[in-house]
Amino acid sequence: MACRICQAAVVDILDLGSTPPANLLKSTRDAEQDEYPLVLQWCDKCGNVQLRDTLTAEELYRDYLYVTPQSSMLNTHYEYLSGFLKQHGYLDENAFVLEVGSNAGYFLEHLKPSVRRILGIDPAAEIAAEATSRGIPTTADFFDQRSAALAVEEHGKPQLIAARHCMAHNDSPHEMVAAAASILDDDGCFVIENAYVLNTIENTEFDQVYHEHMFYYSIRSMKHLLAMHGLRLVDVTMSLVHGGSIIFVAKHDGAGELAETARQYEAREEISLTIPKFEAFAQRTEAIRESLRELIGNLVADGQRIDTYGATAKGNTLLNYVGLTDAEIQRCVDSTPAKQGRFLPKSSIEIVSEETAAADPPDYFLLTAWNYREEIIAKVRNSGNYKSKFIIPIPFVQIV
Ligand code: TMP
Ligand code: ZN
């Protein structure tokens, strides 16, 4: 097995067993699903962390139901990100912004009043059509050199290309980076946002590992990848979304130098991305499994009712690795209408609406959408539910 960025040899660092793809919700409780291993690997040559076994887009997205939630935390994030880009001269009002993997188009919608032109490109046809009807022009397509060339024919070269939380969702990022490099304006910026491997490791976010996440980017691996396509990393900034994310800013080689702040993060990676640190990460992961098993086991034996909150991909990794099913957990609460009435993969827990949960609150919520912790707890309390306690699984098991 080789590194899918630089082709060097890799070593295994974490094994979470086998699960079905985390976003393939079942339409009946007993539906059969294929399971695939979740094993992480490390490439010491380029600093890449990757998933060993990858699935094709067809296997992963055939029944894809992810729609970005309407979240105040995400709106604050869009505010921060656009502010950062403007302050540092990476974005101005004359820019044509192309967003890859734009989903429902909320980030473009946020940018629309302050830039010259926007375009989204996303393979999920229904979501793209819906975004277009809301005034966010979105092409239903994969982003590659062919679709990139078509976009340029119609709209000209983009001054900013954004790829937020989608560069890990393909077994090779090379086509996407090559496509971006081929159409980016001479002084334009390619902005990539992704969960940051340092947060994943340091905060024991083993539940970030699922089949859609084929790469766990570091500054080192991103620099390496960009350089292979004539691009250069010039800046990074950090954000709290999705459990700790990094925003990489790249330009054409020769159009800028790496900022000093990025060098400081790079130095941290030297210390934190090492085999002993990965071993400690794997041990903390097992410790979370043991304490959750014990806690939930005791609560169930005590006659307590437990629901999970958030039909998230990370929640499915967590439930299936810990070994929790509809035998212990009654329901999974989620605000996405398309998910309600379906069942979580493997654990077979039924998904219900937030209103259903509010009408009949459980004793405990296991917060599987812990990245929206403050927002969800406030929402539950504001709905008049002061009864349910929250079990937060990550970075360590605690009850609040
Ligand atoms: P994500 O972490 O992949 O963005 O998924 C978040 C999931 O949590 C999504 O399915 C919607 C759900 N959710 C709620 O049910 N209520 C909420 O208030 C928020 C913010 C998210
Ligand atoms: Zn490598």
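Numbering of ligands and ligand atoms starts at 1, following listing order. Computed from a predicted structure; not experimentally measured.
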Spatial distance of atom CG (Leu51) from atom CG (Leu38) [nearest 0.5 Å] | 6.0 Å

Rounded to 10 degrees, what angle sits at the Zn ion (ligand 2) between Cys43 SG and Cys6 SG?
-> 100°

Describe, in one word, how the ring planes of Tyr216 and His213 are oriented to each other, choosing from parallel (under 30°), tilted (30 to 60°) and perpendicular (over 60°).
-> perpendicular

If you look at each N/O of ligand 1, which protein N/O atoms lie under 3.5 Å away, and at what distance?
| unit_1 | atom_1 | unit_2 | atom_2 | d |
| --- | --- | --- | --- | --- |
| ligand 1 | 2 (O) | Lys314 | NZ | 3.3 |
| ligand 1 | 2 (O) | Asn371 | ND2 | 3.0 |
| ligand 1 | 4 (O) | Tyr66 | OH | 3.0 |
| ligand 1 | 4 (O) | Tyr372 | OH | 2.8 |
| ligand 1 | 10 (O) | Asp334 | OD1 | 3.2 |
| ligand 1 | 10 (O) | Asp334 | OD2 | 2.7 |
| ligand 1 | 10 (O) | Thr336 | OG1 | 3.4 |
| ligand 1 | 10 (O) | Lys339 | NZ | 2.7 |
| ligand 1 | 15 (O) | Ser335 | N | 2.8 |
| ligand 1 | 15 (O) | Ser335 | OG | 3.2 |
| ligand 1 | 16 (N) | Glu354 | OE2 | 2.8 |
| ligand 1 | 18 (O) | Lys379 | NZ | 2.7 |

When you measure from the side chain of Arg117 to the backbone N and O of Pro158, does any donor-acceptor pair fall under 3.5 Å?
-> no

Verify the ring-centre separation between Phe206 and Tyr321: is it less than 6.0 angstrom?
-> yes

By the rule that ILVMFWY residues connect when side-chain heavy atoms come within less than 4.5 angstrom, directly or transitively, which residues belong alongside Met1?
-> Val10

Determine the minimum heavy-atom distance between Asp122 and Asn103, stating which atoms define it.
-> OD2-N, 2.7 Å

